[in-house]
Amino acid sequence: AQKVTQAQTEISVVEKEDVTLDCVYETRDTTYYLFWYKQPPSGELVFLIRRNSFDEQNEISGRYSWNFQKSTSSFNFTITASQVVDSAVYFCALSEGNNNDMRFGAGTRLTVKP
Amino acid sequence: NAGVTQTPKFQVLKTGQSMTLQCAQDMNHEYMSWYRQDPGMGLRLIHYSVGAGITDQGEVPNGYNVSRSTTEDFPLRLLSAAPSQTSVYFCASSYAQGQSYEQYFGPGTRLTVT
């Protein structure tokens with residue numbers, strides 16, 4: 001079965017610092033999908049990105065960037081020049097092919113201090 | 001569009017009581033799912049449905065029942081609540097079968113079983 005590990009339970013940074021959230025996954029499938037979701041203090045879950053296993057290009061969206069490396073089974077998320085509003089719990093998730101069982105990591109709680 | 005709606009937002013049950021968590025979406029999504037979120041464990045899939053009349057078990061189905069009579073609605077039933085079911089429950093929907101599409105989450109239901 002697929003598995004997602006987010007080893008960083010909590011991270012605290014000062015505003016304007018860069019921060020990288022790690023995500024390591026395990027799967028036997030060659031076709032799979034990786035996701036990042038954000039859960040701010042208000043509790044809702046917000047979709048950030050989806051990446052399929054055949055697309056290893058890194059992606060940048062404003063201050064957010066994602067580094068997908070199949071060689072290390074990692075899909076790391078970097079926030080550049082962090083802001084207080086980035087404070088949230090961030091989840092990495094994995095699904096295999098047409099498998100409907102999406103597995104989430106335990107999440108990383110990011111606190112950005114002013 | 002209202003997106004994914006869940007009711008109630010909060011619920012307290014006594015051990016052995018039954019209740020139904022409601023979930024509805026107005027995006028005509030085929031795929032709907034229920035997750036529970038517990039501290040330090042991320043989100044775990046309880047049950048899912050790939051269309052009206054079709055449901056299946058996820059990672060942690062015990063103690064929960066679901067049905068899908070319409071595309072819009074996907075209620076989750078607790079037949080005999082237990083303290084171990086104290087959690088935050090999220091309903092989600094996505095465009096099609098399989099996990100290649102991002103899921104849209106409801107605001108969650110916080111359930112306490114005493």
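Numbers restart at 1 for each chain; the letters A, B, ... are given by sequence-line order, proteins then strands.
- Grouping the Ile, Leu, Val, Met, Phe, Trp and Tyr side chains by contacts below 4.5 angstrom, directly or via other members, places Ile46(B) apart from Val88(B).
- Taking 4.5 Å as the heavy-atom cut-off, the residues of residues 105-114 of chain A that approach chain B are Gly105(A), Ala106(A), ordered by number.
- Side-chain atoms of Gln37(B) and Phe91(A), non-hydrogen and from C-beta on, do get closer than 4.5 Å to each other.
- Hydrophobic clustering (side-chain heavy atoms under 4.5 Å, transitive across Ile, Leu, Val, Met, Phe, Trp, Tyr) groups Leu94(A) together with Leu48(A).
- With a threshold of 4.5 angstrom between heavy atoms, Tyr104(B) does not approach chain A through any atom at all.
- Nearest heavy-atom pair, Leu43(B) versus Phe104(A), reported as atom, atom and distance to 0.1 Å: O-CB, 3.5 Å.
- Remark: Lys70(A) NZ is packed, more than 12 non-hydrogen atoms of other residues, nucleotides or ligands lying under 6.0 Å away.
- Other residues, nucleotides and ligands place more than 12 heavy atoms under 6.0 Å from the CZ atom of Arg51(A).
- You'll find the side chain of Met102(A) stays beyond 4.5 Å of the side chain of Tyr48(B), heavy atoms only.
- Counting heavy atoms from C-beta outward, Phe105(B) and Tyr37(A) have side chains that approach closer than 4.5 Å.
- Side-chain atoms of Phe90(B) and Glu44(A), non-hydrogen and from C-beta on, never get closer than 4.5 Å to each other.
- Residue Gln6(A) does not touch chain B at all, counting heavy-atom pairs closer than 4.5 Å.
- A salt bridge (Lys or Arg N to Asp or Glu O under 4.0 Å) check over residues 34-56 of chain B, counting only residues at least two apart or in different chains, returns the pairs Arg36(B)-Asp38(B), Asp38(B)-Arg44(B).
- Under the 4.5 Å side-chain heavy-atom criterion for ILVMFWY residues, a single connected hydrophobic cluster contains both Phe47(A) and Tyr35(B).
- When the side chains of ILVMFWY residues are joined at heavy-atom separations under 4.5 Å, either directly or via intervening members, Trp66(A) and Tyr32(A) end up in a single hydrophobic cluster.
- Hydrophobic clustering places Tyr25(A) together with Tyr90(A) (ILVMFWY residues linked when any side-chain heavy atoms are closer than 4.5 Å, directly or through intermediates).
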